Structures are given as structure tokens and as C-alpha cells.
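Worksheet for the structure shown next.
Computed from a predicted structure; not experimentally measured.
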Number of protein chains: 2
Amino acid sequence: MDVKTICLGILSFGDATGYEIKKKLEGPFNHFYDASFGSIYPALGKLTDGGLVLRTEHTQHKRPDKKVYRITPKGRLALTDELARPIGPDRIRSNFLATLLFADALEPRQIDDLIASRIDAHRETLNELNAEPHDTSTGDGFVSGFGVAVHEAALNYLEQHRHEIVGERLLVTSESN
Amino acid sequence: MDVKTICLGILSFGDATGYEIKKKLEGPFNHFYDASFGSIYPALGKLTDGGLVLRTEHTQHKRPDKKVYRITPKGRLALTDELARPIGPDRIRSNFLATLLFADALEPRQIDDLIASRIDAHRETLNELNAEPHDTSTGDGFVSGFGVAVHEAALNYLEQHRHEIVGERLLVTSESN
DNA sequence: GATATCATGTAAGGGGTTACATGATTGT
DNA sequence: ACAATCATGTAACCCCTTACATGATATC
């Protein structure tokens with residue numbers, strides 16, 4: 001699923017600017033999808049060219065001009081078509097887990113710091129997921145709940161097992177804290 | 001973290017061919033990293049050019065020739081350096097969650113099938129994670145355990161909530177099974 | 001007879017990111 | 001003063017995937 005489809009999907013919830021789409025991708029949908037301006041704006045251009053969205057320009061007072069996009073009936077059909085196709089597997093590339101896998105090449109201190117900051121990150125994500133009202137669509141609450149379940153599991157695992165990966169070598173180094 | 005670093009890390013556990021590295025990425029490490037031959041072989045070439053790994057050619061009986069790679073001391077230093085650098089966030093692109101988010105554009109049947117197949121996929125991943133012996137390195141068991149925790153949480157969530165996302169519309173359609 | 005495993009590689013192309021370019025306004 | 005928010009876009013580049021090319025052996 002490319003950025004074009006994601007934009008189309010978000011626009012199926014209501015009109016938005018490229019900037020607003022980016023914000024949503026940083027907020028509620030951040031836990032499973034991300035995209036940069038450099039891919040969003042060209043995607044929106046192509047969708048407009050194809051007649052899948054309509055662009056209206058709004059000159060603003062004391063703010064840069066903005067372009068609001070609205071999905072067309074043709075766009076809704078294209079979205080349904082795209083979603084009906086068999087989906088590929090999720091693409092995950094976890095620098096965190098890769099680093100931990102090669103933990104033998106690191107110092108215990110580095111590992112512990114890494115896990116600590118990841119615990120914080122999970123807490124932050126959970127706060128965001130719990131804070132936002134999930135009533136945009138049928139799927140919104142489900143996807144958000146899925147995120148909560150998974151991030152809670154990750155958080156709990158890290159809290160309960162962080163000593164295991166560092167433990168061995170802390171004994172060797174015998175540094176008390 | 002690019003494919004070069006991943007190859008270097010896997011080679012830090014022991015010698016391997018490009019083909020074997022790919023197999024590992026399809027098996028035990030599949031839940032957080034994936035790469036194709038088209039990126040592995042060139043990566044191995046660059047690592048050899050840079051003196052980070054040594055290549056030895058083995059002519060085989062009734063099998064294609066293979067090239068076994070071994071990490072060098074210089075390669076181990078490079079790995080440590082690379083892992084010490086601040087890591088970026090995990091990159092996740094979930095076609096599954098994106099599709100569910102836009103579930104309003106789909107038929108209930110499609111959604112249910114999608115969730116069913118995802119449940120199967122999680123079960124398979126869990127089987128693989130539980131089957132493999134995790135004793136390659138200090139981090140191996142930890143990363144594997146993390147995978148188990150997260151996939152179990154995902155699996156449980158899907159089993160317990162799958163009716164919620166489909167339920168509403170099944171009532172409307174009033175199809176008994 | 002078809003498909004899977006073993007085994008390596010290249011070339012074209014796709015889909016992105018990063019960095020740059022611009023600029024007013026608002027908050028610290 | 002400085003950073004953040006609002007707002008859009010382009011160009012260079014990078015990394016990686018897909019498809020192709022080759023080919024023997026083993027399994028169903």
C-alpha cells in the first residue's frame with residue numbers, strides 16, 4: 001500500500017490539506033504508518049491529475065495559502081478496488097530489535113539505556129493512543145485498540161525482562177549501579 | 001540500519017553464505033527484518049571490498065558453488081561503531097492495519113477473511129519463534145521472547161475483537177453465517 | 001512433469017527520504 | 001532572539017524490490 005492510497009483513505013474520512021495528512025500520520029496512525037512531505041505532496045498531485053480527488057485553494061489571513069483536498073466518487077471506487085486486492089505482509093524494520101540481537105557487540109550500559117528509552121517511547125505512544133478520540137470510522141477504534149494491546153505487551157515485556165539481557169554482564173563488570 | 005549492517009551482525013554469530021543469511025531473515029529474524037537477494041549479495045560485495053568480511057569460495061559436489069563469508073576484526077569494530085550510533089525509530093508499514101482503518105470501504109466478509117488470515121499468520125510466526133532454539137547470542141532469546149509477547153498480544157486482540165468490527169454490519173446484512 | 005531447494009548475481013525501476021527553498025506568525 | 005507551527009513544493013539521491021538469467025538435484 002503506497003502513500004497515494006493512504007492519502008485517499010484519510011481523505012475518505014473528510015477533507016484535508018497535505019499538511020493535515022502529515023499530522024495525522026505523526027499522531028494517531030503513527031504506530032503503523034509514516035510518510036514524509038516529500039511523498040505526500042507528489043501523491044496528492046497525482047491523485048488530482050487522475051480525478052480521484054478535487055483540489056480547492058484557500059487564501060488565508062496571516063497564514064500561508066492552503067490547498068484542501070476532497071475525495072471524489074471515482075476516488076472512493078479506486079480506494080475500494082485497491083483495498084480489495086490481496087494485501088502483502090506488513091513491512092517491519094526494527095532497528096531496536098536488530099541492535100539488541102547484536103547486543104554482544106555493545107556495552108551493558110548502552111543496552112540498558114536503549115531499553116529505557118524504548119520503554120519511554122512505548123509509554124508515549126500509549127498516551128497518544130488513549131488520548132485521541134477514536135470515532136472517525138468503524139476501523140479507527142479497532143486499529144487503535146490493536147495498537148494499545150501490542151504496545152502494552154511490548155512495554156510489559158521490556159519492563160519484566162530488561163534485567164535478563166544486561167544482568168549477566170553486570171555481574172562480570174561488578175559495577176553497583 | 002541497512003542490509004550491510006544486518007549481514008555483518010549475522011556474520012558475527014558465525015560464517016555464512018548469502019543464501020544462508022537470506023534463510024535466517026526468512027526464519028527467526030523475519031518478525032522484525034526482511035531483505036531480498038537483490039540487496040544481500042551487493043551488500044556482501046561491498047563488505048568484502050571494505051575488508052569487513054573475508055570471502056572464501058567452496059566448490060561443491062552436485063551443488064552450485066558457494067561463497068562463505070567470515071567477519072574480520074575490522075568488521076567487528078565497524079559493527080560496534082554502527083550499533084553505538086543513536087538508532088532511528090522502527091519503520092513499520094502495516095498494510096493490514098491500514099486496510100482495517102479504511103474498513104468502511106469494504107464488505108464485512110472481506111474484513112472477516114482478512115482478520116482470519118492474519119490470525120493464522122500470527123499463529124505460524126509463534127510456532128516458528130517457539131520452535132527455534134534461541135542460543136546463538138545473548139540477544140537472541142530476548143528478541144525472540146519479545147516477538148512471542150507481541151505476536152501473542154496481537155493474536156489475542158484479533159480473536160477477542162474480530163466480531164466488533166464486523167458485527168455491526170452483519171446485523172444489517174442479516175446473513176446467518 | 002512440476003515444484004522446491006540450493007546457489008549467485010545483475011539491471012531496471014520504484015518508492016520513498018533528505019535536504020533545500022520560502023516565509024509569516026506565535027509562543028518562550 | 002530562537003524555536004515552533006503553519007504551509008507547500010522540488011530535486012537529488014538512496015536503498016531496495018522485482019524480474020531476469022542460469023542450472024543441477026531432489027521430491028511429490
Euclidean distance, atom NZ of residue K66(A) to atom C1' of dG9(D) [Å, nearest integer]: 17 Å
Among dT10(C), dG9(C), dT17(D), the one nearest S39(B) by side-chain distance: dT17(D)
Minimum-distance nucleotide to Y19(B) side chain [options: dG9(C), dT5(C), dG9(D)]: dT5(C)
Short side-chain donor-acceptor distance under 3.5 Å, D120(A) and S117(A): no
Pair T5(A), D2(A): side-chain N/O donor-acceptor within cut-off below 3.5 Å: yes
Plane angle bin for Y157(A) and H161(A) - parallel if under 30°, tilted between 30 and 60°, otherwise perpendicular: parallel
cation_pi(R55(B), Y69(B)) dist<6.0 Å, angle<=45: no
Nearest-nucleotide pick for V3(B), side chain only, options being dC16(D), dG9(C), dC6(C): dC16(D)
First of I40(A) and Y41(B) reached from the 5' end of DNA chain C, by closest nucleotide: Y41(B)
Candidates dT18(C), dG9(C), dT10(C) - which lies nearest the side chain of S36(A): dT18(C)
Separation between OG1 of T80(A) and CG of L106(B), rounded to the nearest 0.5 Å: 7.0 Å
Touch class at under 4.0 angstrom, heavy-atom based, for G38(A) against every strand present: base
d(CZ, R91(A); P, dG14(C)) in whole Å: 16 Å
Mutual orientation of the aromatic rings belonging to F37(A) and Y19(A) [parallel < 30°, tilted 30-60°, perpendicular > 60°]: parallel
K67(B) or A35(A), whichever maps to the more 5' nucleotide of DNA chain C: K67(B)
Min side-chain heavy-atom separation T138(B)-I111(A) under 4.5 Å: no
Nucleotide of dT10(C), dT8(C), dT17(C) approaching T17(B) most closely (side-chain heavy atoms): dT8(C)
dG16(C) OP1/OP2 closer than 4.0 Å to side-chain N/O of R93(B): yes
Candidates dC16(D), dG16(C), dT8(C) - which lies nearest the side chain of Y33(A): dG16(C)
Angle between terminal axes - the helix from dG1(C)-dC28(D) to dT28(C)-dA1(D), 5 pairs each end, rounded to 10°: 50°
